[in-house]
Amino acid sequence: MKNNIYVGYYLEPYVWIGDKSHTKNAKELVFMAKDISPGIDIGIQRQGLVIASIQTANIPEYCDNNSANALTSQSTSFILDFFNALSFSIYEAQMRKYAGGFCSIPQEISIRDLYLWLEQDKSIPEINYIQPASMFSGEFYTFQEMISRGKKSIGIFLNDINFMTDVFDVDEDVFTQHLDKRLLNHNLLKLFALLNRGVTSIRSASFDMSLISIWSVIESIIRDIFSDLLNSENYIIKDSKVFKILKGNIKSQKDRDISVYLMTKELKMNKTISKSIFDEINLLRNQRNNLIHQLKPVNSLVCSKAFLVVKELIYIKYSIQILHHGAFFVGDIKFPEEV
């Protein structure tokens with residue numbers, strides 16, 4: 001079994017890493033970051049190409065395959081979770097670097113964006129000179145065939161002039177100094193990957209998918225906060241329904257039978273969450289139930305509120321202050337003369 005695989009994708013919209021005034025071979029990596037997450041190092045090319053070197057021992061259900069650009073669905077899912085959490089964390093790092101200034105809109109990375117290098121035994125700097133294969137198409141082409149067929153390609157730029165100039169700039173220290181590795185912890189990858197999907201779904205007007213994604217994050221964090229409360233030495237059950245479920249086994253962690261409503265009610269009575277957050281969660285839960293059980297439409301305002309609730313819960317549980325302001329649907333913007 002190989003020790004590492006190399007997977008890459010482009011940051012979008014088009015992103016230029018570093019200072020455009022500095023002459024540098026476009027194929028060279030701007031920088032490398034070690035141990036960005038357990039078993040994962042990343043390298044960044046000038047044109048926004050992100051390359052991840054991932055130890056196969058850390059990839060769920062990884063196995064060598066006769067097809068060089070094929071991975072199991074479970075392995076691919078893990079890689080997509082990492083890149084989506086990375087996308088969210090890059091946006092967050094830009095917010096920290098520029099004190100809330102303008103940032104490029106984060107993207108949701110799909111399997112169509114992923115590329116796997118055929119020569120997997122090369123070091124990351126050398127990998128840029130080797131043509132990668134699309135994981136989605138399952139097709140293999142030479143360099144010239146890729147161009148003639150109009151296929152998307154990585155690492156073929158000869159110099160800076162060959163790359164479009166209408167791009168966003170991202171300083172190198174956004175990655176090296178402002179990227180919060182806690183957002184890329186293996187235990188939180190799924191959380192921030194789902195959150196990234198939620199905010200980018202708002203931009204594409206997929207409000208139902210946004211609410212489902214963000215609500216999944218909300219419910220997961222609530223259960224973790226409630227579990228912490230159960231383990232607290234000073235915890236006293238205040239809700240009779242919760243007591244009936246946990247009676248005789250308060251510290252058993254059998255909280256899966258307790259509804260989100262009862263958990264949030266108990267958290268509110270113990271002053272773990274505020275009344276305003278409690279009320280917002282109940283409204284969102286009703287919206288989610290209306291969607292799941294009655295297929296009632298969801299609007300962008302509900303999704304934005306859900307994201308604000310997530311930010312509060314992330315701070316309560318992980319002491320992580322999220323600056324990310326979410327996303328918006330362009331058609332909902334009101335200009336002064338329209339208000």
Side-chain angles (χ1 to χ4, degrees), residues 1-12 32-44 48-93 106-122 124 127 132-138 154 175 179-201 209-210 212-217 219-221 223-224 310 314 317-318 320:
M1 179 180 289
K2 299 179 179 67
N3 294 325
N4 294 74
I5 62 169
Y6 297 94
V7 188
Y9 79 102
Y10 265 121
L11 290 170
E12 293 180 359
M32 292 175 59
K34 292 286 187 182
D35 301 321
I36 197 75
S37 184
I40 303 177
D41 303 331
I42 64 169
I44 308 291
L49 166 62
V50 178
I51 304 171
S53 171
I54 308 176
Q55 294 177 10
T56 54
N58 290 288
I59 301 176
E61 296 187 21
Y62 175 84
C63 62
D64 288 335
N65 194 296
N66 291 331
S67 298
N69 67 335
L71 293 175
T72 65
S73 58
Q74 198 69 18
S75 298
T76 304
S77 178
F78 169 79
I79 293 167
L80 286 171
D81 281 346
F82 171 74
F83 280 143
N84 275 290
L86 179 64
S87 180
F88 186 93
S89 62
I90 289 172
Y91 188 98
E92 181 71 9
Q107 69 180 119
E108 179 189 351
I109 292 89
S110 72
I111 194 171
R112 291 177 180 271
D113 301 310
L114 294 188
Y115 289 82
L116 189 67
W117 270 258
L118 307 183
E119 297 289 340
Q120 298 174 348
D121 58 345
K122 300 289 186 179
I124 288 183
I127 215 85
S134 167
M135 283 181 57
F136 177 76
S137 67
I154 289 179
F175 297 90
L179 201 66
D180 191 339
K181 291 185 178 181
R182 290 178 297 176
L183 277 60
L184 301 173
N185 182 283
H186 275 208
N187 294 329
L188 297 181
L189 273 185
K190 177 61 73 175
L191 187 152
F192 286 103
L194 278 174
L195 199 51
N196 187 62
R197 176 181 298 169
V199 294
T200 52
S201 293
M209 181 57 68
S210 175
I212 290 171
S213 299
I214 297 178
W215 176 258
S216 297
V217 174
E219 185 167 338
S220 175
I221 301 176
R223 291 192 181 279
D224 287 343
V310 165
I314 288 174
K317 170 58 183 170
Y318 304 109
I320 297 175

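We count residues from 1, following the sequence as given.
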Could you pull out the closest heavy-atom pair between S201 and E108, with the gap in Å? OG-OE1, 4.5 Å
Going from CD on E219 to CG on D224, what distance comes out if it is rounded to the nearest 0.5 angstrom? 11.0 Å
Determine the interplanar angle of the F78 and H186 rings, folded into 0 to 90°, and report it as parallel if under 30°, tilted if 30 to 60°, perpendicular if over 60°. perpendicular
List for me each residue that meets ring-ring contact (aromatic ring centres under 6.0 Å, His included) alongside F88, sequence neighbours excluded, and say none if there are none. F192, H324
Closest non-hydrogen atoms of G198 and I214, given as atom of the first, atom of the second and distance, are CA-CG1, 3.8 Å
Calculate, to the nearest 0.5 Å, the distance between atoms CD1 and OG belonging to I40 and S53 respectively. 9.0 Å
All heavy atoms of I314 vs all of I320, minimum pair found to be CG2-O, 3.6 Å
Closest approach of Q107 and T200, non-hydrogen atoms and distance? C-CG2, 3.7 Å
Please step through side chain to side chain contact (heavy atoms under 4.5 Å, CB included) for the pair D41 and I36, ending with a clear verdict. CA-CA 5 Å; D41 303 331; I36 197 75; 5.9 Å; no
Residues in side chain to side chain contact (heavy atoms under 4.5 Å, CB included) contact with S89, at least two apart in sequence or another chain: L86, L179, L183, L184
Say whether, by atom type as modelled, one donor and one acceptor occur between the side chain of S75 and the main chain of P60 under 3.5 angstrom. yes
Looking only at heavy atoms, which two atoms of I109 and N84 are closest? And how far apart? N-OD1, 2.9 Å
Check the pair Y62 / I5 against side chain to side chain contact (heavy atoms under 4.5 Å, CB included), numbers first and verdict last. CA-CA 10 Å; Y62 175 84; I5 62 169; 3.5 Å; yes
Side chains of D113 and F83: closer than 4.5 Å at any heavy-atom pair? no
Are the side chains of Y318 and L188 in contact, using a 4.5 Å heavy-atom criterion? yes
With side chain to side chain contact (heavy atoms under 4.5 Å, CB included) as the test, would you mind laying out the steps for F82 and V7 before giving the verdict? CA-CA 11 Å; F82 171 74; V7 188; over 6 Å; no
